[in-house]
Structures are given as C-alpha cells and as structure tokens.
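Everything below concerns the one structure shown next.
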Amino acid sequence: MTTIDTPQAFVRALKAPSDPPSHGGPHKIEISRQVWDDPSFLVPNKAEVIADWILGKFLKEKDKEIAVNPLLDLRFWTLLHDVISSTNTGGSSWTQTRPLKTWLPPLLSRVPFAPSVVALLSCLGRLDSTLRDSVVPVMFSALEILWPVSAQKMNTEAILECFGAFLMAYYEAQGADNLVRIGTLIVASYRNSMSYSSNKKKIYSVFLRTYLPYWLKLHVLSNSETALSDIIYDAGIETLFNLDILRRIRDSKAENELLESIAPVLRSNAEVHSVLPRLFASYIESLKKHRGALVSQSSSQIPGSANAEIQTQGMQFLAGCLSLLDLHEHSAKTWSARVALVKVVDKENLFDRGNPEAAMVFDSVIRHALESLDIRTAINVLADYGIECLSTLARIDYDMVVPLVPQVLPKLLLISQMPVHTSYLDFLDVVLAYHNKTRTVNTYIEGLLNALSTIDTASLKGSPIEFYQSALSSPLFNATHFQRLSKALQAFLSGSQISALAQVTFGFLKQNWEKFDVEDDTEERSPKRRKTLNMGSTGLSESQRDCSAAVFSLSSHLAMTVFSSLPLHVVTKELREKLRSLLNDIRKFAARVVKKAMKPLTRSDQTSWPNSIVSAASLRLWYALDVSGNVTPAPFEDEKLYKRALKASKDEHMLPELLLELLKRLVRIIMSIGVADNPHSVSGLQAETLLLQVLHSAQFWELHKLRSMSLPYLDAFLSTKFAVVFLQHVEQTVSTVDDISMTDSAVEAIGAYRLLSILPLEYLSRTNRADFARRALALDRHISSSAMTPISKSEHLTVLRTFLSRVEQFCDALKHLMTSATSPTSIKQTLQTATGSVIESIFLYVLGIPFPSDIDISPAKLSRNYNIPLATGYWI
C-alpha cells in the first residue's frame with residue numbers, strides 16, 4: 001500500500017489541491033480504490049467520504065475537455081457504483097458506513113448533482129458511438145441509484161435543464177439506443193415534477209426558448225426508439241398545453257408565441273413539417289381534457305358552449321399552422337402536413353358551419369389544392385395531395401366543394417396515372433355519394449359531359465393524341481369509377497330523370513359527331529370541291545380534327561356507361577317503349593358513324609388516327625347497347641360496312657383499339673350463328689364449340705393478318721417437329737423407325753394437321769400444299785410402322801389421310817398406301833374409308849378422269865364420317 005496509512009492521511013490526500021497529492025505518487029482515484037478495496041484500512045464513513053469526493057470532483061471539473069474530463073473516466077464511475085451499491089440495502093460494518101438512505105440525500109443536497117448530469121449528457125452526445133457503447137452501461141449502473149434520490153432534491157427548473165440536455169444529446173447521437181435507459185429515468189422525473197410545479201408558465205417560456213427545436217427534431221428521427229419518443233413527446237405536450245398555458249392561450253392568444261418559435265425550426269429542417277398535425281391533434285385533446293376548467297361557469301350552462309369554444313380555438317390554431325406552411329415552397333412534405341391537418345379537423349369535428357370565419361380558414365387550402373392540380377409532374381405527387389385535401393374538405397362540409405367540382409373535373413382529365421391513386425377515386429366517390437343522397441346523379445353526368453366540352457386545342461399542352469391517351473388513364477375514365485357510376489345510375493336515377501338524361505347524352509354525342517363530321521368532310525371531298533368550300537374561310541387544322549375525334553371517343557365511353565345502365569324497370573311501360581325506341585335510334589346512329597368513319601380507312605392516303613378512334617368508339621357503343629339487355633341485338637348485316645371493315649383490317653398500322661372492337665363484333669357474329677342454329681343452347685355454349693364455330697366461319701379466315709401470321713407459324717412448327725422423320729421416310733435413309741422421341745414429335749404434329757383439315761385450301765399456295773403433303777406422307781409412314789396401339793394408330797392415320805384426300809399430288813403415295821403394314825382387321829372403319837377415298841382420288845387424278853357426281857369426297861362427308869370439323873364452303 002502507499003504511505004497513506006491513517007484515516008486522517010487519506011482525507012488530507014483527497015483534499016489536497018494537486019492530483020497526485022505528492023509528486024510522483026499515485027493519483028487520488030488510485031488511492032481511493034486502494035483504500036476501498038482494503039477492508040483492513042478503517043475509515044469512519046468510508047463510503048460517504050469517497051462518494052463526497054467523487055461527486056465534488058464531477059462538479060468542479062465538469063467543463064474540462066472530453067479527454068481529461070472525470071465524467072467520462074470509468075474508474076470514477078466504477079468506484080462510485082461500488083461505494084453506493086455496497087450500502088444500498090443497509091450499513092456495512094467493515095466499511096464503517098451508515099445506510100445509504102441516511103447519508104446520500106444530505107450529500108446530494110450539499111453537492112448539486114444536476115450540473116454534473118447536464119455536463120455528462122453534453123459529452124455523451126458528442127462522443128463516438130463505439131466509445132459511448134462501452135461507457136454508458138457502467139455510468140447507468142450508478143445513475144439508476146443516484147438519480148431518483150437526487151431528483152427529489154431538485155426543483156423543476158433544474159430537472160428541466162437535465163431534460164433539455166438529454167434532448168440535445170439524444171438528437172446529436174441520432175437516437176442512439178445506449179441512451180434510452182438514461183433518458184427514461186430523466187423524462188419520468190421531469191413529468192412528475194412538472195405536474196406539481198406552481199411555475200408552469202416559466203417552464204413553458206424556457207422550454208420554448210431553449211429546448212423546443214430539439215424536441216421537434218427528435219420526432220422526425222427515423223431510428224429513434226418508439227417508446228422513448230412517445231414519452232418524450234408526452235412530456236413536451238404537458239409543458240406546452242397544460243391547464244395554465246391553455247388559459248394563457250385563451251386569454252392572450254399566446255398560441256402565436258408557440259408558432260413563432262416553431263417557424264425558424266421549419267426553415268432549418270423541412271422534416272419537422274410532419275410534427276405539426278400531431279401537435280394540432282394534441283392541442284385539441286388537451287382542450288377536451290380541460291374543457292370543464294376552461295369554460296366559465298355561466299357559459300358552461302349553455303348547451304354546446306364547450307364544444308363551440310373548442311371548435312373556435314381549434315380553428316384558430318389550425319389557421320396559424322396553415323400560415324406557417326404557406327411560408328414555404330410547395331413540396332410533398334408541406335402538402336402531407338396540410339392534408340393531415342385538415343384530417344384532424346374532420347376527425348375531431350372542429351368545423352362549425354354556422355361560423356363564417358371557420359370556412360375562411362380553408363380558403364388558402366382550397367386555392368393551393370386547385371393550383372396543385374395544374375402542376376403535372378412525373379409522379380403527380382402534389383396533385384395527389386391536393387385532391388386528397390379536397391376529398392377531406394368534402395367530407396367536412398360538401399358545400400365548400402360544390403362550387404369547385406366544375407373546375408376540378410376538367411383538371412382530372414389531364415392527370416394520367418397507372419394505377420390511379422386512391423385519393424382521386426375517393427374524391428369522385430365523395431362527389432358521387434353526395435349526388436346519390438340528393439338524387440341528382442343526372443347532374444353529375446352532365447358535369448362530366450361539360451368537362452369534356454371544355455377541351456379544345458387551345459387548352460391542351462400537348463397533342464390531341466397525347467391528351468386522348470392521358471384521358472383514358474385518368475381518374476374520370478378509370479374502370480372502378482365507371483363501375484360505381486353504373487351502380488349509382490341503376491340505384492338512384494329516378495324515372496323522371498331517365499328520359500332527359502338519355503336525350504342530353506345523345507345530344508352531346510351528336511353534337512361532337514357533327515363537329516368531327518364537318519371537319520372530316522373537308523378531307524374526303526375532291527381537291528376542287530375542297531377549294532370551293534374553303535374559299536373565304538381559314539379551314540380547320542389537323543390538330544382540331546384530332547381533338548374533335550378525341551372528345552367524341554371519350555364522350556362515347558361515358559355514353560356507353562349511361563345507356564347500358566338506365567334503370568328501365570322503374571318507368572311506366574309506355575315510357576319504357578319510348579326509351580327503347582330512343583336506344584335503337586342511338587344504335588343506328590352508332591352504325592352510321594362506324595360506316596362513315598371507316599370509309600377513309602380503306603384509302604391509304606388518309607390520316608387514320610382520328611377515324612380509327614371514332615370507329616372504335618362507335619363500335620364499342622354499338623356493342624354495349626347490344627349486350628345491355630335494354631334493346632334487342634341487331635345483326636351485322638350491312639354488306640358495305642362489312643367489306644370496309646375487312647379492308648381496313650388489312651392495314652398493318654391499324655390501332656389495337658379498333659382491331660379489338662372488330663374482333664368483339666366478330667365474336668358477336670359467331671355467337672349469333674350458334675344461337676340461330678340452336679336457340680336453346682346459349683347458356684350451355686362451351687369454349688370448344690365456340691372455337692369450332694369460329695374456325696368454320698369464312699369471315700374468320702378472310703382476315704388477312706390472321707393468315708399471314710398463322711401459316712408461317714404452322715410451317716415453322718412442322719419443320720421443327722419432324723424434320724428427322726421427313727428425312728428418314730422420304731429419303732429412305734433408314735428402314736425402320738421406332739425411336740420414342742421421334743414418335744412423340746410426330747404425335748404432337750398431328751394437331752397441326754387437324755387445323756389444316758379445317759383451313760380452306762384456297763388460302764394455301766401450291767408450294768405450301770406440296771410441303772404439307774410430303775410431311776403428311778412421312779408422318780403416315782412413321783405412324784404405320786410404329787409400335788402404337790391400333791386405336792391410336794387408326795385415329796392419327798385418319799387425320800392424315802383425310803388431309804391427303806383434299807390435295808391433288810399423291811402419285812408417289814400409292815405404293816405406301818397399298819402395302820401398309822397395318823392389319824386391315826385392326827383398322828377402324830373410318831380409317832378404311834379415309835384410305836379408300838385417298839386411293840380413289842389418286843386413280844382419278846392419274847387417269848385424268850373428272851370426279852363423278854356420285855363420288856362424294858367433300859369435306860362435309862369427311863367431317864360427318866370421321867368427326868373432323870372442316871371449313872364449310874371450301875373443298876377441293
């Protein structure tokens with residue numbers, strides 16, 4: 001041990017002005033450790049003496065640099081923990097120390113601990129995270145014993161200083177987990193002390209001036225511990241919105257003081273915008289909590305007076321928050337905060353319709369929302385927030401939004417999103433729900449039509465084609481919106497409104513068609529006639545013509561929903577017949593438009609886009625009326641229109657939109673054929689039956705693109721599947737083949753010959769016929785010599801020989817057919833008949849004898865005998 005061998009010498013060493021006490025000797029902390037660890041060295045109240053010295057050293061040297069600051073020296077904290085923990089549950093005889101509760105409180109009253117805690121937290125916030133992880137656990141083991149005792153000796157101002165120091169340290173450490181336990185101790189003490197403080201106004205002022213910025217910034221840290229963040233937030237709310245402060249706000253409008261303190265924080269950190277809605281909600285919650293104390297006794301006797309006062313004060317606070325947001329540039333963060341603030345008003349029912357000043361608070365919100373809809377960014381973020389804000393305002397009080405709907409609907413046409421943001425559909429749902437309740441769905445439809453009528457070339461920022469594509473993916477033309485609109489029409493449209501709505505919608509369609517038709521006529525007329533018509537006039541530009549086509553097509557989308565959703569069952573029989581007559585007129589109008597609009601598509605020198613979308617729109621409307629059930633479907637019997645459609649379909653640049661509508665019309669024709677053959681089998685129509693009807697239809701095979709795609713595909717498929725089979729059987733490179741993979745490929749190719757048995761052979765060139773026939777012969781040889789079962793072999797050979805019977809060049813196949821290795825008794829009758837037909841046709845071909853009338857090898861007979869569907873009207 002050292003030369004210190006008496007208690008007096010030990011105490012003098014600790015009180016010495018220098019450290020170490022003697023030059024070249026041990027430091028005081030080393031001396032203290034040695035004395036504490038030596039049970040034989042008796043010092044009266046040894047623990048109290050050492051703790052007094054350590055706490056005093058913390059206080060005196062708290063402002064030193066981090067490298068030499070005793071607050072960050074683990075030797076001090078380890079010894080302090082050993083000293084106070086050894087006497088925590090009672091006294092110690094070998095250390096000659098009294099119980100902790102006897103000597104520690106007086107010691108902490110004599111040596112203030114709060115300044116040391118403040119200095120410690122300041123150092124920990126600036127400390128490296130790795131070093132902080134190593135020192136904090138040791139410090140906390142001592143603090144959890146010291147802090148509860150010292151906090152009882154501190155006033156609220158001192159604990160607030162510790163709380164504020166923790167806020168700064170926790171923010172500088174970016175919400176480090178190692179500070180959570182220390183923070184939990186301090187925050188709990190602060191909230192308890194604050195609740196009993198009689199000087200809350202002073203605490204409020206100090207908090208605003210010094211610690212509010214850190215308190216706000218802490219709540220936007222992404223990695224801060226949630227539970228601790230919540231209790232820190234609650235502590236701040238109790239400081240800002242306790243009863244004394246709420247009274248002060250009510251009497252002196254002191255909320256401006258809070259908002260003025262928040263303003264500079266918003267300028268330095270945009271993330272803090274997200275705290276405003278939560279702060280607003282907490283303010284309302286505090287008002288409701290203390291409503292009994294805030295409302296005067298005389299006023300409290302008036303029904304609803306407390307709620308009215310809360311509404312008034314809440315809207316005043318909201319106005320201040322919105323003013324703060326208006327000072328900043330519009331961004332996703334400011335808009336997110338603005339929307340959340342308005343949602344608090346909706347949730348807490350703060351809007352008083354009888355207070356005109358309340359509506360004025362939302363004037364800036366409405367103005368900014370309308371402006372956001374004009375800003376078309378790549379992802380439409382601001383517009384999304386703007387429309388969400390309008391949706392919330394509509395739920396608060398629809399009367400605020402009613403005058404805005406005519407302005408909003410045209411703007412929604414220009415917003416293109418895939419998929420559409422839910423906020424737009426929510427807004428349209430709110431508007432539609434209002435019209436449902438007031439039974440004015442027809443007014444909403446007229447509003448949509450009016451929105452379309454505002455579109456012209458001057459109002460478009462891009463080309464009409466871009467506008468058309470954008471509008472189709474806009475919220476107004478979203479499928480979900482149209483589905484809900486259809487349900488609204490069926491459920492809430494009154495009988496007296498149906499006829500007028502149908503007339504208005506039809507009139508709008510005709511008006512737009514006439515506009516497009518006038519423009520289209522100038523294009524179709526001869527150059528001499530166009531010159532005569534255009535003398536003295538400026539003429540219409542191509543852009544205007546495209547714009548008119550786009551508006552007509554969009555209006556037909558809406559008209560299709562309207563006409564197919566009219567609730568005819570709610571009207572009288574007489575009116576129902578009139579409406580059906582009107583719908584028939586509309587269908588005839590659509591047919592006329594299709595016929596006229598498709599005429600220029602048959603000429604390659606005409607611009608196709610406007611006529612294509614007009615034709616597609618009219619076909620779509622026609623189809624919708626046919627399937628609506630409100631009118632009797634009409635057949636597609638116009639020969640001129642049919643020819644134009646077929647000719648137009650040969651255009652390689654045809655719009656997919658128009659091609660789809662033509663195919664839908666084709667399907668209707670096919671289904672009508674099936675229904676005509678068997679009217680009672682409509683409900684049981686199977687996909688296989690429908691496909692066979694399509695393949696039997698000459699109209700189907702007349703489609704130019706279908707043949708140009710299918711024939712090369714069949715040729716490539718057959719070439720790939722059995723090139724090996726073809727070489728081995730036609731060139732006779734081998735005598736027998738029973739390779740399993742070759743057989744599988746050959747069987748897969750049989751499906752192609754089933755299709756070729758249906759395809760009219762007039763569409764096959766002579767080269768195609770020869771190639772397909774040679775491959776069929778090779779397959780026939782392979783199947784005949786394979787190890788298949790007789791039933792499978794018979795089925796496959798029937799398909800091949802049925803195809804061969806429809807072509808002409810088979811002289812080399814005669815020997816093969818006559819010497820087939822298959823036993824006649826094992827072949828089905830159908831195979832014998834098919835083989836006989838092939839042989840008979842070969843003899844007639846070789847002898848040059850015409851087919852006699854009594855020999856029927858037509859596809860119809862083959863189809864009946866061998867159950868192979870063939871194209872009606874086409875055979876060789």
Side-chain angles (χ1 to χ4, degrees), residues 695 711 714-732 736-739 742-761 764 768-824 826-843 845 857-871 874-876:
L695 296 177
L711 292 180
L714 283 174
D715 183 64
F717 177 81
L718 292 174
S719 298
T720 303
K721 285 295 179 183
F722 34 93
V724 175
V725 177
F726 177 81
L727 290 174
Q728 289 180 338
H729 286 282
V730 174
E731 299 180 5
Q732 299 180 354
T736 61
V737 180
D738 64 4
D739 183 80
M742 288 173 54
T743 302
D744 291 341
S745 297
V747 170
E748 291 178 11
I750 297 296
Y753 279 96
R754 291 183 185 274
L755 180 61
L756 287 171
S757 297
I758 299 171
L759 175 69
L761 294 183
L764 294 177
N768 287 140
R769 293 183 192 180
D771 290 342
F772 290 145
R774 282 196 295 270
R775 289 168 182 160
L777 290 171
L779 277 175
D780 195 298
R781 290 171 181 266
H782 175 71
I783 297 297
S784 299
S785 60
S786 68
M788 292 182 181
T789 63
I791 295 177
S792 297
K793 186 181 298 185
S794 174
E795 178 183 352
H796 296 322
L797 290 177
T798 301
V799 173
L800 292 172
R801 295 179 184 181
T802 300
F803 170 76
L804 289 172
S805 69
R806 302 181 62 214
V807 295
E808 302 174 356
Q809 301 175 354
F810 310 105
C811 294
D812 358 353
L814 181 60
K815 182 179 179 181
H816 159 66
L817 294 173
M818 295 299 295
T819 59
S820 174
T822 306
S823 173
S826 65
I827 301 178
K828 292 182 178 181
Q829 182 62 34
T830 54
L831 176 59
Q832 295 175 347
T833 306
T835 305
S837 298
V838 175
I839 296 173
E840 186 175 16
S841 62
I842 291 174
F843 274 110
Y845 176 81
I857 58 170
S858 65
K861 177 181 178 182
L862 296 174
S863 177
R864 289 192 303 270
N865 292 341
Y866 317 131
N867 196 27
I868 299 177
L870 302 175
Y874 295 91
W875 62 283
I876 295 179

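- Here the closest non-hydrogen pair linking A776 and F803 is CB-CD2, 4.1 Å.
- Between atom CG of residue L804 and atom CZ of residue R801 there is a gap of 8.5 Å, rounded to the nearest 0.5 Å.
- Side chain of Y753 to main chain of F772: a donor-acceptor pair is present (N/O by atom type, distance under 3.5 Å, no hydrogens or angles).
- Just one residue in the list L779, I783, I750 forms a side-chain contact (heavy atoms from CB on, under 4.5 Å) with V799, and that residue is I750.
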